[in-house]
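The figures that follow rest on heavy atoms only: side chains count, while hydrogens, waters and symmetry mates do not.
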Amino acid sequence: MGDQGNQSIESSTAHRYTAELAGELETRWQRVWDERQSFRQPNPGEDGFDASRPKYFCMDMFPYPSGAGLHVGHPEGYTATDIISRYKRMNGFNVLHPMGWDAFGLPAEQYAIQTGVHPEITTKKAIDNFRRQLQRFGFSYDWSREFGTIDQDYYKWTQWIFLKIYHSWFDPEANGGVGCARAIDELIEEFKGGKRPVKLNPAAAEYAGAGDLPGGTDAGTWDALDRETKKAIVDSYRLAYLSQQTVNWCPMLGTALANEEVIDGRSERGGHPVLRKPLRQWMFRITAYADRLLTGLADVDWPKSTKTQQAEWIGRSVGAEIDFPILEGGVPMGEALRVFTTRPDTIFGATYMVVAPEHPLVEYALDMPTPETDESKLREYVQTTRNRSDVERMENKEKTGVFTGLYVANPVTNDPIPVWTADYVLMGYGTGAIMAVPGQDQRDWDFAKAFDLPIVRTVTPPDDFDGEAYTGDGVAMNSRFLDGLEIEPAKRKIIQWLGEHHVGARKVNYKLRDWLFSRQRYWGEPFPIVFDERGDHHAVSEQTLPVTLPPLTDYEPEVSDDPQPLLAKAIDWVNTTAGDAGVEGMDPGAPVKRETNTMPGWAGSCWYYLRYCDPKNPDRLVGEDAEAYWMGDNGVDLYIGGNEHAVLHLLYARFWHMVMHDLGIVRTREPFGKLFHQGMITSFAYQRSDKSLVPIDQVENRGTDEKPEFIETATGEAVQSITAKMSKSLKNVINPDDVIAEYGADTFRLYEMYMGPLEATKPWNTRDIVGLFRLMQRIWRLCVDEATGKLHFAESADEAVEKQLHRMIAKVGSDIEKLGFNTAIAAVFEFVNLAKSLTRDQMDRFVRTIAPFVPHAAEEIYSKLGNTQSITHADWPSFDEAMLVDDEVEIPVQVMGKLRSKIFVAPDADNKTMEAAALADERIRELIEGKTVRKIVVVPGRLVNIVAN
RNA sequence: GCCGGAGUGGCGGAAUCGGUAGACGCGGCGGAUUCAAAAUCCGCUGGGGUAACACCCUUGGGGGUUCGAGUCCCCCCUCCGGUACCA
């Protein structure tokens with residue numbers, strides 16, 4: 001001891017677990033795993049595939065590889081899936097754990113506009129950087145399955161699926177009334193053979209509310225029809241169709257956006273204003289699947305909130321469609337105004353009608369004005385509302401509207417009802433027309449008050465009701481044959497009446513609209529579609545795929561009110577021939593123009609899970625055996641990603657999957673059996689009293705850690721510490737590379753998993769990381785002699801340590817299954833707190849237990865133990881149930897429900913023994929002295945409560 | 001407004017079924033080691049109260065059910081997420 005100089009002190013810690021040591025061993029093992037292809041998972045039929053093992057398909061939502069690189073939010077979910085994947089491998093599963101890149105999209109293109117560098121170059125660079133960063137975490141991805149949505153042999157199949165959808169229609173009668181997708185050729189055969197009445201698809205959204213009401217008009221015999229009519233009819237059935245319609249046009253982004261991409265009248269990306277503008281666009285008839293998308297939610301293990309969000313987005317509501325005959329000079333002129341209502345029982349209170357400004361009846365009123373029509377006022381109103389952006393609509397909810405001069409007859413009373421137009425009625429929902437019942441609807445009430453229209457109550461409000469419109473329960477009044485009925489029976493009775501008089505019927509309506517699928521940007525999948533000289537669309541043949549994206553010289557979108565898609569600039573590419581484009585059934589020399597729209601970013605993410613199953617397959621989007629094996633009965637076994645995709649991506653992917661299911665391409669009904677959302681990682685920031693935020697480098701703490709006083713340096717004002725999203729402007733962004741450099745990847749992984757429940761939003765607290773680094777040091781020291789770097793062992797197994805080891809193995813295993821990683825790590829802490837040294841055998845089990853969390857350190861110790869195989873495929877340690885039970889347990893004793901003492905009994909002690917022990921306790925005897933014991937509650941192995949007073 | 005979720009020490013959080021509230025970590029305090037510091041290790045740490053016990057209070061607030069409530073029921077408050085004239 002005495003001669004221990006500085007030198008020997010240094011050498012006594014030469015093999016301490018430091019950031020340098022962590023960095024060295026982590027990168028070393030990452031190289032080894034890469035060389036040995038430790039995480040490669042063969043497919044059925046390939047060498048090394050073990051068919052006796054069960055499968056586990058564990059998947060992350062793949063990232064958009066932005067130029068900024070990984071942020072700390074990415075590795076949160078990725079660490080979770082990595083732990084699960086490693087745990088499952090150790091439990092004998094074949095694990096499919098892939099990673100890829102969602103690489104088409106706006107940011108790379110915006111960057112290309114600024115710099116002129118092709119998006120493909122910047123995107124590939126960003127991918128390389130992402131891959132490097134992810135590999136530094138030691139994630140056990142099977143990198144041999146990696147692909148990006150921009151790869152030609154991937155988007156070839158994205159285009160292929162588009163064609164499948166394009167060549168399909170939805171038969172609502174098929175599949176026992178559930179409805180399913182069928183080939184469009186079968187539809188044409190049925191038309192030809194007279195098996196199906198030839199008419200426009202009654203469910204086609206692009207015809208709803210148009211002048212000629214669909215549904216009714218029979219077009220006659222197929223062969224007698226001209227080419228245009230045939231085409232219009234077939235297109236009205238296609239699941240992918242072109243539609244001239246009002247879209248959300250974002251001039252700054254130079255593209256149309258889906259409803260879901262518009263938030264409060266601004267673009268989700270960038271927050272630019274969005275206008276409504278008519279454009280010809282590709283649409284998916286997702287509304288045909290509304291019911292199946294809704295009912296399918298019952299079959300998947302998803303967070304309740306996500307199911308609710310999807311259900312509300314689909315927005316099923318049951319009501320009735322009712323025809324109100326249009327009057328001309330007070331008599332019906334033969335046509336009717338059709339409305340949808342959820343409250344047909346209130347029809348006697350319909351004092352006016354409202355149609356959307358885009359409704360054809362408004363056009364009709366302008367063409368055929370009545371003496372009461374104020375033409376100029378009406379025309380002006382339609383113009384203003386059309387140009388009114390969504391932002392303005394949001395800001396001003398005052399009711400506006402104009403009387404059209406038209407009247408319809410109430411089909412129940414024959415009374416004339418004035419028809420108004422107002423922008424509070426939306427063309428996109430129902431029929432774009434309503435019967436207004438101000439007595440029972442607050443919006444109608446507000447409108448009626450604003451324009452002095454009559455109000456009739458048809459449901460009796462309670463005596464103490466002093467509100468305006470009454471929407472609650474009650475019996476019908478002022479409603480002739482409905483009077484006295486509660487709402488539900490009244491609805492049934494009126495629907496029956498309407499049916500009998502052929503003026504209405506029960507109808508289910510959905511909020512869900514068809515999916516706007518084209519964008520006017522460059523960096524996306526081209527459509528496999530060309531147009532002939534007449535403007536008719538033709539599919540490119542499957543053999544010609546992929547239709548590759550042509551290079552452009554500039555990517556600048558034109559800021560224009562009459563925008564052309566960027567691809568229109570690729571003139572040589574656009575103008576081709578049917579033969580070169582690969583269109584079958586056309587004269588090969590016929591000139592055609594390619595579709596210049598591109599697909600939206602969602603396209604590639606709609607089916608990537610399938611490609612992971614068989615990423616290199618040149619003949620099929622996924623081989624049948626691979627799909628059958630990996631997708632199994634319930635699809636992806638665990639899918640982890642942010643809840644910002646609760647509706648968009650997850651709904652679209654389900655829709656594609658359902659179509660592919662119907663067409664026999666995939667087996668499962670749903671793509672993602674179990675879904676989980678990791679929470680957001682926030683950061684600390686400071687807030688002034690006016691709620692504005694202050695960057696963290698402009699604030700200092702002039703108090704203590706325990707009683708902090710945060711002061712804005714520049715002003716001396718007190719500011720409050722809050723949690724906020726990480727953002728460059730607040731300077732509170734944490735860079736994962738820095739954290740790994742300071743502590744190593746294992747510590748980083750532990751910290752993110754220990755912060756709190758995976759699903760919770762949690763603040764990043766730099767101060768807390770050191771606790772997990774200390775855990776790594778203690779784990780290391782428990783196994784490795786810091787002076788020599790060699791393992792050191794206990795000579796014999798300590799009984800308490802052995803017991804705790806069994807407990808830890810049991811707890812960590814069950815917590816991983818529950819995704820309870822924070823409590824699993826707490827169990828590791830408890831073990832390390834107790835264990836001072838381990839036998840060789842204990843150490844072996846210990847490192848196998850922590851391997852899913854800290855794979856590098858575990859692998860290092862495991863190899864020092866003499867194992868030549870990677871810990872990746874080691875067995876998960878077993879535990880003995882008997883070791884989880886104590887010889888003696890501490891039992892709280894309560895008197896009147898308050899804890900008063902503790903006794904020690906055998907864990908399986910019976911009630912009598914426990915009761916006796918409790919009553920024998922000195923403290924308890926004192927407390928119940930002189931009182932009457934009314935009752936003694938004994939919970940075996942748990943507690944004793946004595947009721948005495 | 002409507003629909004989800006949450007509110008527990010100075011902080012992050014734990015608490016399978018209604019059964020010892022605060023596991024575990026951070027921070028703090030005390031100690032060991034050191035010439036000293038960092039690092040590391042050990043102990044204490046919800047609040048009040050006491051010399052120490054005892055005891056009292058405590059899971060956003062108020063009521064209730066129960067032998068017993070962080071957990072179940074009713075009402076209210078706050079925060080986060082989603083959605084928004086959807087007839």
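- Side-chain atoms of A/D768 and A/Y754 include no donor-acceptor pair closer than 3.5 Å.
- One can place CG of A/L927 at 10 Å from P of B/C56, the figure rounded to the nearest angstrom.
- Counting all heavy atoms, side chain and backbone alike, A/Y17 lies closest to A/L21 at CA-CD2, 3.6 Å.
- Between the P atom of B/C24 and the CZ atom of A/R807 lies a distance of 14 Å, rounded to the nearest Å.
- Annotation: B/C53 and B/U59 have their C1' atoms spaced 27 Å apart (nearest Å).
- Taking the six-membered ring where the residue is Trp, A/H645 and A/H649 present perpendicular rings, their angle passing 60° and hence far from 30°.
- Counting non-hydrogen atoms under 4.0 angstrom, A/S317 reaches the backbone sugars and phosphates but no base.
- Here the shortest heavy-atom pairing between A/A448 and A/I455 reads CB-CG1, 4.0 Å.
- Atom P of B/C42 sits at a distance of 27 Å from the matching atom of B/A52, rounded to the whole Å.
- Taking the nucleotide of RNA chain B with the nearest heavy atom to each of A/T761 and A/N643, the more 5' of the two is matched to A/T761.
- Per the geometry, CG belonging to A/N765 stands 12 Å off P belonging to B/G28, to the nearest Å.
- Using a 4.0 Å heavy-atom criterion, one finds that A/P757 contacts the sugar-phosphate atoms exclusively.
- One P atom belongs to B/G28, the other to B/A39, and the distance between them is 10 Å to the nearest Å.
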Could you list the donor-acceptor pairs under 3.5 angstrom formed between side-chain atoms of residues 826-834 of chain A and any protein atom two or more places apart in sequence or on another chain?
residue: A/N833; atom: OD1; partner: A/R778; partner atom: NH1; Å: 3.1
residue: A/N833; atom: OD1; partner: A/R778; partner atom: NH2; Å: 2.7
residue: A/N833; atom: ND2; partner: A/F829; partner atom: O; Å: 3.4

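- With hydrogens and angles ignored, the 3.5 Å screen pairs a side-chain donor or acceptor of A/T341 with a backbone N or O of A/R343.
- Taking the side chain to side chain donor-acceptor pair (under 3.5 Å) definition, one finds that A/Y470 meets it with nothing, sequence neighbours left out.
- Where A/K811 and A/K511 each meet RNA chain B at their nearest nucleotide, the meeting point lying more 5' is that of A/K811.
- In the set B/G81, B/U40, B/C26, B/C26 carries the atom at the smallest distance from any side-chain atom of A/D768.
- For B/A21 and B/C35, the P atoms lie 47 Å apart once the distance is rounded to whole Å.
- To the nearest 0.5 angstrom, A/D921 atom CG is 12.5 Å from A/R900 atom CZ.
- Under the side chain to side chain donor-acceptor pair (under 3.5 Å) criterion, A/Y352 pairs with A/Y424, not counting sequence neighbours.
- Using the six-membered ring where Trp is involved, A/Y743 and A/F773 have ring planes that are perpendicular, over 60° apart on the 30 and 60° scheme.
- Between B/G49 and B/A14, the distance separating the two C1' atoms is 28 Å to the nearest Å.
- Minimum heavy-atom separation, A/I495 to A/A320: CG1-CB, 4.1 Å.
- Contacts between residues 939-947 of chain A and RNA chain B, counted as heavy-atom distances below 4.0 Å, involve A/V939, A/R942, A/L943, A/N945, A/V947.
- Here B/G19 presents its C1' atom at 16 Å from CE of A/M896, a figure rounded to the nearest Å.
- Consecutive pairing runs in RNA chain B reach the stem threshold at B:1-7 with B:77-83, B:10-12 with B:24-26, B:27-32 with B:40-45, B:46-48 with B:55-57, B:60-64 with B:72-76, where a stem means at least three Watson-Crick or G-U wobble pairs with distances under 3.5 Å.
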Check nucleotides 41-45 of chain B against the protein and report each pair of N or O atoms closer than 3.5 Å, with its distance, or say if there are none.
residue: B/C41; atom: OP1; partner: A/R781; partner atom: NH1; Å: 3.4

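- In this structure, the CG atom of A/L899 is 11 Å from the P atom of B/C56, given to the nearest Å.
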Kindly give the atom pairs (protein nitrogen or oxygen, nucleotide nitrogen or oxygen) under 3.5 Å for nucleotides 57-59 of chain B.
residue: B/C57; atom: OP2; partner: A/K898; partner atom: NZ; Å: 3.4

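- Using a 4.0 Å heavy-atom criterion, one finds that A/Q894 contacts the bases of the nucleic acid, with or without backbone contacts as well.
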Using ring pair (Phe, Tyr, Trp, His ring centres under 6.0 Å), reason through A/Y751 and A/W764 one step at a time and then give a plain yes or no.
CA-CA 9 Å; A/Y751 173 62; A/W764 181 280; 4.8 Å; yes
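- Across the protein-nucleic acid pair, A/E759 atom CD and B/G81 atom C1' stand 14 Å apart, rounded to whole Å.
- Rounded to the nearest Å, the gap between the C1' atom of B/G30 and that of B/G81 is 45 Å.
- Ring centroid separation for the pair A/F676 and A/W302 does not come in under the 6.0 Å cut-off.
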Take A/M353 and A/L337 through the test side chain to side chain contact (heavy atoms under 4.5 Å, CB included) and record every step on the way to the result.
CA-CA 9 Å; A/M353 313 294 285; A/L337 174 64; 4.1 Å; yes
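- Nucleotides B/U20 and B/C72 place their P atoms 16 Å apart, quoted to the nearest Å.
- With C1' as the reference atom, B/C29 and B/C75 are 43 Å apart, rounded to whole Å.
- Contact annotation: A/Y754 does not reach the phosphate of B/G25 (side-chain N/O to OP1 or OP2, under 4.0 Å).
- In plain terms, the two heavy atoms of A/T400 and A/A422 that are nearest each other are O-CB, 3.1 Å.
- If you measure from atom CZ of A/R513 to atom C1' of B/A87, you get 13 Å, rounded to the nearest angstrom.
- Among the protein residues, A/N822 comes within range of the sugar-phosphate backbone only, with heavy atoms under 4.0 Å from sugar or phosphate atoms but none that close to a base.
- Scored by the side chain to side chain donor-acceptor pair (under 3.5 Å) test, A/S305 finds no partners at all (sequence neighbours excluded).
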Report each atom pair, protein N/O against N/O of nucleotides 3-9 of chain B, whose distance is under 3.5 angstrom.
residue: B/C3; atom: O2'; partner: A/E312; partner atom: OE2; Å: 3.0
residue: B/G5; atom: OP1; partner: A/K304; partner atom: NZ; Å: 3.4

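- Residues passing the side chain to side chain donor-acceptor pair (under 3.5 Å) test with A/T18 are A/E20, sequence neighbours excluded.
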Heteroatom pairs (N/O) under 3.5 angstrom, protein to nucleotides 50-54 of chain B:
residue: B/A54; atom: O3'; partner: A/R923; partner atom: NH2; Å: 3.0

Show me the side-chain donor-acceptor pairs of residues 815-825 of chain A shorter than 3.5 Å, one per line, residues at least two apart or across chains.
residue: A/D815; atom: OD2; partner: A/K811; partner atom: NZ; Å: 3.3
residue: A/D815; atom: OD2; partner: A/T823; partner atom: OG1; Å: 2.8
residue: A/D815; atom: OD2; partner: A/A824; partner atom: N; Å: 3.2
residue: A/E817; atom: OE2; partner: A/Y87; partner atom: OH; Å: 3.0
residue: A/T823; atom: OG1; partner: A/G820; partner atom: O; Å: 3.0

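- A 6.0 Å sphere centred on NZ of A/K836 holds more than 12 heavy atoms belonging to other residues, nucleotides or ligands.
- Among the protein residues, A/F829 comes within range of the sugar-phosphate backbone only, with heavy atoms under 4.0 Å from sugar or phosphate atoms but none that close to a base.
- Atom CE in A/M680 sits about 13 Å away from atom C1' in B/G82, given to the nearest Å.
- If you check B/G81, B/G13, B/A14 against the side chain of A/K762, the one that comes closest is B/G13.
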